[in-house]
Amino acid sequence: MNTKAQEWAESYFSRLENAIETLRDHDLVSQVNFIKYPGATDEQIAAAETIVYEKQKENSEDYDAQEPEEPFVFNPYMAEFYKRSNGLHVSWHSVIFPEAEALESDGEIPVAKDDDDFKEGWISILPSEALASQMGFYLYGDPQETELGEYYTENGALFNYFDAFNYYHDSCMVLENGNPTIAFGDDHSASYDTPHECDFVIYMEYALSTFFSVECRSQELYFSDTNTVHPELEKMVATQDYSNLLALLKDNEHTDIDAVIALGYEEKGNQYVQEEHMENLPEAIKERLTLLIE
């Protein structure tokens, strides 16, 4: 048992619950969807690991790459997360937009569609079995057929969807032994990049710190001071020492709901505004929004 990973997962879900309550209590947030799934059993996690390992060996054989020296296992942080919730969904939007239809848990992870594009917050972390083998999961393209996907496949790794948080952008995970890393998708899964080092813990903590802002995770994790932050992220991925991560995220620009709403409106939300809906909002809310987005 990895005590640090266990303590992190317990802390994460406690802070997650607090963030959900903060969103629900906020005067500018009109709808919050939160789906925490039953935790994966040890057997489910082991089955997903076996699938990854078998596909790693297939890729190594097909492309004459070096086979993994040991069977694949999820790192302890991922395993402890999935034991508490095998997948995760959070989405929300502000009062700027009419209230959307509530999402319900039917056992499948909600995938962001084009008509969800106005929503300021969204995360849809795939369950362990879908991360390992994405049968039954479809977004827009096949990440493995992209330039970056082919590179990882030819080197014996798997490159699969990880977070279906937007119809235009998404995140993929490089499933290889050690500490799997994350790449950022663009143009409906047509292109992927790794603008900085990122792993599971960094990604999940960043998402939580920004209230799951879609804009803050599109193409990269948005930091204003990349020269300072990116080397720190690289160290964390290499060592899995996250002792400085929360302090790093605390200094980020968009760590409160008002800032996330303002960023979402500035970047694309203004395209989806319905003037009649805005006019019918309470005066106090309209005054708040005027200060925030105009």
* Specify whether Phe200 and Phe162 have parallel, tilted or perpendicular ring planes, treating 30° as the upper limit for parallel and 60° as the lower limit for perpendicular. => perpendicular
* Work out which heavy atom in Tyr12 is nearest to a heavy atom in Glu205; give both atom names and the distance. => CD1-OE2, 3.8 Å
* To do: Sort out for me which residue in Phe184, Tyr152, Phe159 forms a ring-ring contact (aromatic ring centres under 6.0 Å, His included) with Tyr192.
  => Phe159
* With Lys286, which residues qualify under side chain to side chain donor-acceptor pair (under 3.5 Å), at least two apart? -> Glu283
* Are any non-hydrogen side-chain atoms of Phe223 and Glu253 less than 4.5 angstrom apart? -> no
* With sequence neighbours left out, write down each residue that passes salt bridge (charged side-chain N to carboxylate O under 4.0 Å, His left out) with Glu232, or none if nothing qualifies. => Lys235
* Asked: Do His254 side-chain atoms and Val260 backbone N/O form a donor-acceptor pair below 3.5 Å?
  -> no
* Would you say the ring centroid of Phe165 lies under 6.0 angstrom from that of Phe212? -> no
* To do: Answer with yes or no after comparing the ring centroid distance for His89 and Phe34 against a 6.0 Å cut-off, counting only values under it.
  => no
* Asked: What pair of heavy atoms forms the shortest contact from Asn166 to Asp117, and how long is it?
  -> ND2-OD1, 3.1 Å
* No-hydrogen, no-angle side-chain donor-acceptor test under 3.5 Å, Asn155 and Gln66 -> no
* Among side-chain atoms of Asn252 and Thr210, is any donor-acceptor pair under 3.5 angstrom? -> no
* Asked: Is there a donor-acceptor contact under 3.5 Å from the side chain of Ser11 to the main chain of Glu7?
  -> no
* Asked: Have Ser94 and Glu120 got a donor and an acceptor in their side chains that come within less than 3.5 Å?
  -> yes
* Asked: Can the ring centres of Tyr77 and Tyr242 be said to be less than 6.0 Å apart?
  -> yes
* Any residue meeting side-chain contact (heavy atoms from CB on, under 4.5 Å) with Glu154, in chain and number order, not counting sequence neighbours -> Tyr63, Glu150
* With a distance cut-off below 6.0 Å to the six-membered ring centre and an angular limit of 45° from the axis, does Lys268 pair with Phe118 as a cation-pi contact? -> no
